[in-house]
Amino acid sequence: MVRFKNRYVLCEVLSDDPRCRQCIEERAVSVAVRDAIGRVHGDYGLACCSISFTVKYLNAYTGTVLLRCRKDSYRLLCSALPFVRHLESRNLRYPCALNTLHVGGTIRTCQKFLIQYNRRQLLMLLQNCTNEEERQCIQKSLLSCSLTEKQSQSGDEEDDDGTE
């Protein structure tokens, strides 16, 4: 059996309208990206990218989107992302742009990049603080940036060596 390799494209939704981020939905992002691929690369590009294209993660609060596609067609996807000009949600169009932040082979590498990216953004905010309360809040956020694995809540786990 052959394993199909994927690429994960981490994007940021840029918009001047603050309502845009609140109304982002996975379906709206998926439709907008597919339309852009169809306009730029035609039916061939759309067929290549549609095989395993999905929106794996969407954070409407930060405007972060993680897209998955096949390894052999991720360049078609990345080249079409600048042509996304609006997201349509609830029969309203919100002008926006998708900024590609990172392309990775696994979701974990994208998570690690996103943590470092957010840490850099928080450091920039820390330099622009006006009062001590803002500074302490941002410093607390900086210290909480980490990638930890969730541990099992049950205490009765079995050992892998075969003994029970």
Side-chain angles (χ1 to χ4, degrees), residues 1-125 141-142 144-153 157-158 160:
M1 184 167 194
V2 177
R3 187 182 122 204
F4 293 110
K5 295 189 178 185
N6 295 313
R7 287 291 177 255
Y8 297 90
V9 181
L10 185 65
C11 301
E12 178 181 33
V13 177
L14 303 173
S15 177
D16 293 333
D17 189 3
R19 294 177 296 163
C20 178
R21 283 193 178 170
Q22 296 171 355
C23 297
I24 296 175
E25 298 173 345
E26 287 184 13
R27 185 184 160 284
V29 173
S30 178
V31 167
V33 171
R34 287 178 197 263
D35 288 345
I37 293 170
R39 280 190 318 247
V40 174
H41 299 292
D43 291 338
Y44 172 76
L46 188 58
C48 287
C49 291
S50 293
I51 293 172
S52 69
F53 174 76
T54 56
V55 177
K56 294 299 282 184
Y57 173 74
L58 174 70
N59 188 338
Y61 182 71
T62 60
T64 306
V65 179
L66 185 66
L67 307 172
R68 183 189 75 185
C69 68
R70 295 275 293 268
K71 182 181 178 181
D72 54 354
S73 62
Y74 81 94
R75 287 187 182 101
L76 294 173
L77 173 67
C78 290
S79 65
L81 288 177
F83 294 96
V84 174
R85 295 288 174 219
H86 63 273
L87 293 176
E88 194 167 327
S89 178
R90 300 181 189 114
N91 296 327
L92 295 172
R93 281 189 167 187
Y94 299 101
C96 69
L98 289 178
N99 181 25
T100 303
L101 299 175
H102 180 73
V103 177
T106 63
I107 294 176
R108 184 154 175 92
T109 60
C110 292
Q111 286 176 332
K112 288 179 181 179
F113 175 83
L114 188 59
I115 289 169
Q116 292 300 318
Y117 178 77
N118 287 337
R119 192 173 278 174
R120 279 184 262 136
Q121 296 294 325
L122 285 171
L123 284 172
M124 288 177 19
L125 284 174
S141 296
L142 272 170
S144 69
C145 289
S146 66
L147 182 62
T148 57
E149 301 212 6
K150 292 184 180 178
Q151 296 180 0
S152 176
Q153 303 227 350
E157 294 182 20
E158 294 181 6
D160 291 332

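Quick note: numbers below take in every heavy atom, side chains included, and nothing from hydrogens, waters or symmetry partners. For clarity, every value in this text was computed on a predicted model and none was experimentally measured.
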Side-chain donor/acceptor pairs under 3.5 Å, residues 44-52, sequence neighbours excluded:
unit_1, atom_1, unit_2, atom_2, d
S50, OG, R34, NH1, 3.2
S50, OG, L46, O, 2.6
S52, OG, R70, N, 3.3

Could you pull out the closest heavy-atom pair between [X] and [Y], with the gap in Å?
X: C78; Y: V103; answer: SG-CG2, 3.9 Å
X: P95; Y: S15; answer: O-OG, 3.0 Å
X: A80; Y: A36; answer: O-CB, 3.6 Å
X: I107; Y: Y8; answer: CG1-CE2, 3.5 Å

Between side-chain atoms of residues 56-63 and protein atoms elsewhere (two or more places apart, or another chain), which donor-acceptor pairs fall under 3.5 Å?
unit_1, atom_1, unit_2, atom_2, d
Y57, OH, N59, ND2, 3.2
N59, OD1, Y61, N, 3.0
N59, OD1, T62, N, 3.4
N59, ND2, T62, OG1, 3.4
T62, OG1, T64, OG1, 2.9

Just wondering, more than 12 heavy atoms not from R27 lying within 6.0 Å of its CZ? no

Atom CZ of R68 with >12 non-hydrogen neighbours under 6.0 angstrom: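 More than 12 heavy atoms, drawn from other residues, nucleotides or ligands, come within 6.0 Å of this atom.
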
Nearest-0.5 Å distance, [atom1] of residue [X] to [atom2] of residue [Y]:
X: H86; Y: D35; atom1: NE2; atom2: CG; result: 7.0 Å
X: L81; Y: T100; atom1: CG; atom2: OG1; result: 4.5 Å
X: K5; Y: Y74; atom1: NZ; atom2: OH; result: 12.5 Å
X: L10; Y: L98; atom1: CG; atom2: CG; result: 11.0 Å
X: R7; Y: K71; atom1: CZ; atom2: NZ; result: 4.5 Å
X: C69; Y: N6; atom1: SG; atom2: CG; result: 7.5 Å

Residue pairs passing the ring-ring contact (aromatic ring centres under 6.0 Å, His included) test with at least one member in residues 93-122, sequence neighbours excluded, are H102-F113

Any Q116 side-chain heavy atom under 4.5 Å of R120 side chain: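 Yes, their side chains come closer than 4.5 Å.
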
Check: V13 and V65 side chains under 4.5 Å, non-hydrogen atoms: yes

Any sub-3.5 Å donor-acceptor pair from S73's side-chain atoms to L76's backbone N or O?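 Side chain of S73 to backbone of L76, a donor-acceptor pair under 3.5 Å: no, none is there.
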
Going through the checks in order, is the side-chain contact (heavy atoms from CB on, under 4.5 Å) test met by V29 and L67? CA-CA 9 Å; V29 173; L67 307 172; 4.3 Å; yes

